[in-house]
2 protein chains.
Amino acid sequence: MYRLFWADEGGLPANDRGLAYGDGLFETIRMRERRGVLLSRHLERLARDAGRLGIPVSRGALREVVTEAGNRFAGRFDNDWVLKLILTRGEGGRGYRPEPGMKPNLLVSAGPAPSAVGPAGVTADISPVPLTVNPLFAGMKSLNRIEQVMAARDLDHGVYEALMTDPSGALVEGTRTNLLLHRQDGWVTPPLRSLAVAGVMRQWVLERLRANGETVTERALAVEDILGSGCLGFYLLNSVLGAVPVRNLAGHDLPVEAGLATICNPLETLE
Amino acid sequence: MYRLFWADEGGLPANDRGLAYGDGLFETIRMRERRGVLLSRHLERLARDAGRLGIPVSRGALREVVTEAGNRFAGRFDNDWVLKLILTRGEGGRGYRPEPGMKPNLLVSAGPAPSAVGPAGVTADISPVPLTVNPLFAGMKSLNRIEQVMAARDLDHGVYEALMTDPSGALVEGTRTNLLLHRQDGWVTPPLRSLAVAGVMRQWVLERLRANGETVTERALAVEDILGSGCLGFYLLNSVLGAVPVRNLAGHDLPVEAGLATICNPLETLE
């Protein structure tokens, strides 16, 4: 079992390993009153990646906490709010090496939902901060996010997102979004094994596209794929923000289409 | 200026960015009463890397905190103890992107010194957890240490350290130590740009060796370099543990020599 902390009552103990080493995971879930967007997928990812790290926590236990959080926070916000769960391996241990049988800490907080992005889309830039993904931790929403912080820090005012590239120059993801390109020959997104964070919204949108008979290809994404003439639309995917069209990338205008919105409405999948 | 927290009085605020994103740095300093081993170098690294992250803190301010910590903690331990500083960007902000003008948090804690390793040396293994180093953050003792945690977690009982390799298979460093090989043709250590953490003990030992007229080469280190016949001795370097000879690597016995101990005594450089 875990030890539960409510952020509005105080922080984690000083020797928590989440602070010391980033030894933990987090989830940020868009809530409408007591229900969450793609909630089951968030909890499934958190429980699965905790297992990869050897942090014992069950989906059932996490769901109970979300219910409790709904009772606690739903009345404090207008309809939409954001629930954040930080799960750490727990307290102490000698250095990096965890002791067997450590009890995880779970810190629960809430905040207002961000304002919606209009269908006209956003601007994005390409970050000079490279993204390195350790294959053992690919896709994992761990607390090790210094690369994303430094890429976001560089953003000019008014630019919505910074896209990060791997050492070969391929576009991998934004600081807080996965990438999806609509081309005349189908939809393209970087493959799971290349991702720092495997977004639940990405997974859900790909499933909807495939269920709708669309062609979806998971492969490396070059800047030229997006700026070239085959591009029908380019999207940033995030479970709190939805599917956000990009109207300008690194100073180049992109076509903005209604394509994805006609296939699925990402923020309406409440559970 | 920073906001100072003493770990024996409580932890950081719930929305500290060190916990949320690993957005910060740390130092672990071996103390003898009120003086620290390689203290100036520790504070120099912390202030320099804080600058790389855009976290404003001066060496002078850090030194004042160490003095205060000495007054507070020295009487609680027998001579040797360990001082830990965790510096974070501070509280809050919207997502990864830091707000301008954030006030850093500094969390100070103390613990007993680890027991000394005898001249007979230790055993080490090669970790299956690969090490990926983002060139922008090379050498930086950030709070993003999930790779080191997972490599240390795998260690068999009685094995002192896990050595980590880069994607090409070259040995880079241990979970908490830098590597130094003594060969018949001189001393070899992996270069700074390849390191996850650029240890202050590594820097100090290399300077002592060079001052003593020894040949020191910074280049990629293969397992065969260590297991081959040219090896006179192989060391793990850490500013709290000193220079620790390895007597067995991955089941292969290595020669243990007095070579390094006759040139310098790493834990006696008090400042």
Side-chain angles (χ1 to χ4, degrees), chain A residues 5-24 26 28 52-54 84 86 88-89 93-98 100 107 109 111 114 128-137 140 142-155 162 167 175-176 240, chain B residues 5-24 26 28 52-54 84 86 88-89 93-98 100 107 109 111 114 128-137 140 142-155 162 167 175-176 240:
Chain A
F5 294 83
W6 297 98
D8 50 359
E9 294 176 354
L12 295 184
N15 65 343
D16 185 85
R17 296 174 60 93
L19 172 65
Y21 308 127
D23 192 6
F26 72 109
T28 309
R52 288 166 72 187
L53 293 180
K84 182 165 180 175
I86 293 182
T88 78
R89 195 183 302 276
R94 288 166 305 171
Y96 295 129
R97 188 173 191 169
L107 177 68
S109 61
V129 178
L131 188 62
T132 54
V133 176
N134 187 319
L136 208 65
F137 305 103
M140 195 183 275
S142 84
L143 300 170
N144 286 228
R145 299 269 78 100
I146 194 89
E147 295 175 329
Q148 285 77 13
V149 167
M150 292 305 282
R153 180 172 177 266
D154 284 340
L155 275 180
T175 62
R176 63 195 192 285
V240 170
Chain B
F5 294 83
W6 297 98
D8 51 359
E9 295 176 353
L12 294 185
N15 64 343
D16 185 85
R17 295 174 61 91
L19 171 65
Y21 309 127
D23 192 6
F26 72 109
T28 310
R52 288 167 72 188
L53 294 180
K84 181 165 181 175
I86 294 181
T88 78
R89 195 183 301 276
R94 287 167 305 170
Y96 294 128
R97 188 172 191 170
L107 177 68
S109 61
V129 178
L131 188 63
T132 54
V133 176
N134 187 319
L136 208 66
F137 305 103
M140 195 183 276
S142 84
L143 299 171
N144 287 228
R145 299 270 77 99
I146 194 92
E147 294 175 330
Q148 286 77 12
V149 167
M150 292 304 283
R153 179 172 178 266
D154 283 340
L155 274 180
T175 61
R176 62 195 192 283
V240 170

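Residue numbers start from 1 in every chain, and the chains themselves are labelled A, B, ... in the order their sequence lines are given, proteins ahead of strands. None of these values were measured; they are calculated from a predicted model.
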One option among A:Gly24, A:Pro128, A:Pro130 has the most heavy-atom pairs under 4.5 Å with chain B, and it is A:Pro130
Heavy atoms only, distances under 4.5 angstrom: which of A:Ala162, A:Gly22, A:Pro13 has the most pairs with chain B? Name it, please.
A:Gly22
Which bit of [X] is near chain A, if near means a heavy-atom gap under 4.5 Å: side chain, backbone, both or neither?
X: B:Glu147; answer: both
X: B:Thr175; answer: both
X: B:Thr88; answer: side chain
X: B:Leu107; answer: side chain
X: B:Asp16; answer: side chain

Going by side chain to side chain contact (heavy atoms under 4.5 Å, CB included), name the residues that satisfy it together with B:Leu53, two or more places apart in sequence or in a different chain.
A:Ile146, A:Met150, B:Leu25, B:Ile55, B:Arg89, B:Phe137, B:Met140
Among the options [options], pick out the one with the most heavy-atom pairs lying under 4.5 Å from chain A.
options: B:Ser109, B:Gly95, B:Ala20; result: B:Ala20
options: B:Leu143, B:Thr132, B:Asn134, B:Thr28; result: B:Asn134
options: B:Leu131, B:Asp8, B:Leu12, B:Asn15; result: B:Leu12
options: B:Pro114, B:Gly10, B:Gly54, B:Ser142; result: B:Gly54

If I take atom CG from residue A:Leu19 and atom CZ from residue B:Phe26, how far apart are they, to the nearest 0.5 angstrom?
10.0 Å
Shortest non-hydrogen separation from A:Leu155 to B:Arg97 and the atoms involved
O-NH2, 2.7 Å
Looking at residues at least two apart in the chain, or sitting in another chain, which of them share a side-chain hydrogen bond (donor to acceptor under 3.5 Å, both in side chains) with A:Gln148?
A:Arg145
